[in-house]
Amino acid sequence: MDTIVALATAQGRAGVAVIRVSGPQAFACCEALSGVVPEPRVARLSVLRDAAGERIDHGLVLVFDENRSFTGEKTVEFQIHGSQAVVAAMLRACLAVEGVRAAEPGEYTKRAFLNGQMDLTEVEALADLIDAETEGQRRQAMQVLDGSAGRLVDAWREDLLQSLAILEAAMDFSDEELPDDLTPMVVAPLDRVLGSLSQQLSGRAAAESVRDGFEVAIIGRVNAGKSTLLNALAGRDAAITSERAGTTRDVIEVRMDIGGLSVTLIDTAGLRDTEDEIERLGIDRGQARAAQADLRVFLKADPEDAPVGVSQSDIVVLSKADLWGEEGVSGVTGEGVAALISRIEAILREKTKGSSVFMRERHFDKLARAVDSLTRAKAELLSPASAWEIASEDLRAALRSLDGIVGRVDIEDVLGRIFSSFCIGK
């Protein structure tokens with residue numbers, strides 16, 4: 001396998017830059033540039049030189065043995081000054097070492113996966129962690145990166161392999177004396193897995209909302225102060241405000257962080273009957289978008305304003321409270337804005353309860369496929385004319401679906417080891 005090198009930190013000028021070398025020639029590259037290979041995991045300050053002996057920089061050198069690095073390969077990290085010229089010179093010096101080439105995008109993570117350092121959910125979580133903008137997204141990504149999804153799949157796998165091993169043994173030794181009814185021994189692990197799978201699937205919406213963000217729509221009649229409130233919540237002039245009714249014609253979006261949750265605030269066109277075709281189109285678009293939002297904030301234009309089409313889970317609040325002298329919210333003075341943000345946060349945080357540890361469409365598709373396979377297997381096992389061969393194939397299909405989540409594709413070797421040591425009644 002080739003040895004690869006790349007800048008591990010962001011492009012551009014910085015105080016420190018890290019260049020990572022991974023592969024069989026990593027230590028040779030280290031020796032060529034620094035003159036020595038330090039003790040693994042012990043930082044050494046070294047003068048770094050190119051093949052001609054010209055000094056490039058001085059920096060910290062760290063080496064990692066096989067199976068003790070991010071990629072699982074021999075790895076060297078050069079921590080150098082973050083000048084673009086220094087980085088370029090270091091990369092040229094590394095590439096001059098025989099057997100070293102430039103890494104392709106994502107190749108370090110790919111090698112970590114192929115070498116068994118990460119499963120597929122952890123690879124995806126690493127990408128999510130890098131892209132995380134809020135505390136909620138960071139925590140969600142870290143939970144999966146720490147192996148929670150993989151451990152859950154492993155637990156399901158253990159239960160299903162137990163059931164499958166019993167089925168295989170019963171079919172292979174059908175002529176020998178076996179317990180009268182093995183069905184409960186097979187069905188009990190299936191029930192455990194089905195319950196856990198259903199729990200994860202029920203938390204799909206919450207998990208996707210944390211990862212992709214919530215939408216909160218501000219709705220109300222014309223001139224209710226929606227755009228002014230949006231600007232107050234965003235802390236900037238994101239929407240044009242005017243005394244003229246119907247200023248907002250299209251949906252305006254502002255993305256912000258509320259209590260560690262990613263939230264997109266949506267300002268919609270004011271509700272009223274109008275013959276203006278463009279305004280009517282804006283109102284229709286706003287209503288359609290608001291209907292899909294996770295939460296709606298209805299602004300009452302005056303104390304007598306009666307909200308229409310608002311559910312119990314939505315927020316209704318009096319706008320322009322500074323003019324009416326009543327409790328409410330004012331985008332002009334800021335009155336009630338902090339309280340409104342707290343209410344929004346509390347409602348959205350409630351929606352995150354029971355969130356699945358899985359986050360992606362791919363995960364939930366495979367979870368649903370596993371549920372379908374296990375449901376068929378259980379029905380077959382409990383049928384009066386039970387065909388254990390069919391149930392066995394359904395169990396294998398479920399295992400393949402679950403294995404696909406973490407990137408594992410072959411169950412036969414593991415099943416063989418379990419089956420070879422399996423003993424009926426023990």
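The first residue in the sequence is number 1, and the count goes up from there. Quantities reported herein were computed from a predicted structural model and do not represent experimental measurements.
A salt bridge does not link Lys110 to Glu107: none of the charged side-chain nitrogens sits closer than 4.0 Å to a carboxylate oxygen. Checked for salt-bridge contact, Arg138 and Asp128 miss the test: no charged N lies under 4.0 Å from a carboxylate O. By the 4.0 Å N-to-carboxylate-O rule, Asp191 lies close enough to Lys378 to be salt-bridged with it.
Residues satisfying the side chain to side chain contact (heavy atoms under 4.5 Å, CB included) criterion with Ser69, sequence neighbours excluded, are Phe64, Thr71, Thr75.
Remark: side-chain polar atoms of Gln117 are not paired, donor with acceptor, to backbone N or O of Phe70 under 3.5 angstrom. With hydrogens and angles disregarded, no donor-acceptor distance shorter than 3.5 Å links the side chain of Ser196 to the backbone of Arg192.
Crowding of Arg41 atom CZ: a count of heavy atoms from other residues, nucleotides or ligands under 6.0 Å exceeding 12. In this structure, Arg349 places its CZ atom where more than 12 heavy-atom neighbours from other residues, nucleotides or ligands lie under 6.0 Å away. Within 6.0 Å of the CD atom in Glu327, the count of heavy atoms belonging to other residues, nucleotides or ligands does not exceed 12.
Pairs passing the side-chain hydrogen bond (donor to acceptor under 3.5 Å, both in side chains) check and including a residue from residues 76-85, sequence neighbours excluded, read Arg20-Glu77, Asp57-His81.
When each of Arg369, His363, Arg362 is paired with Asp365, the side chain to side chain donor-acceptor pair (under 3.5 Å) condition holds for Arg369 and for no other.
Proximity of Pro24 to Glu73: side-chain heavy atoms (C-beta onward) are nowhere separated by under 4.5 Å.
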side-chain contact (heavy atoms from CB on, under 4.5 Å) between Leu230 and Leu233: does it pass, once the steps are laid out? CA-CA 5 Å; Leu230 176 75; Leu233 291 170; 5.6 Å; no

Before giving the answer on side-chain contact (heavy atoms from CB on, under 4.5 Å), spell out for Val329 and Leu318 the whole-Å C-alpha distance, their side-chain angles and the decisive distance to 0.1 Å. CA-CA 6 Å; Val329 65; Leu318 176 64; over 6 Å; no

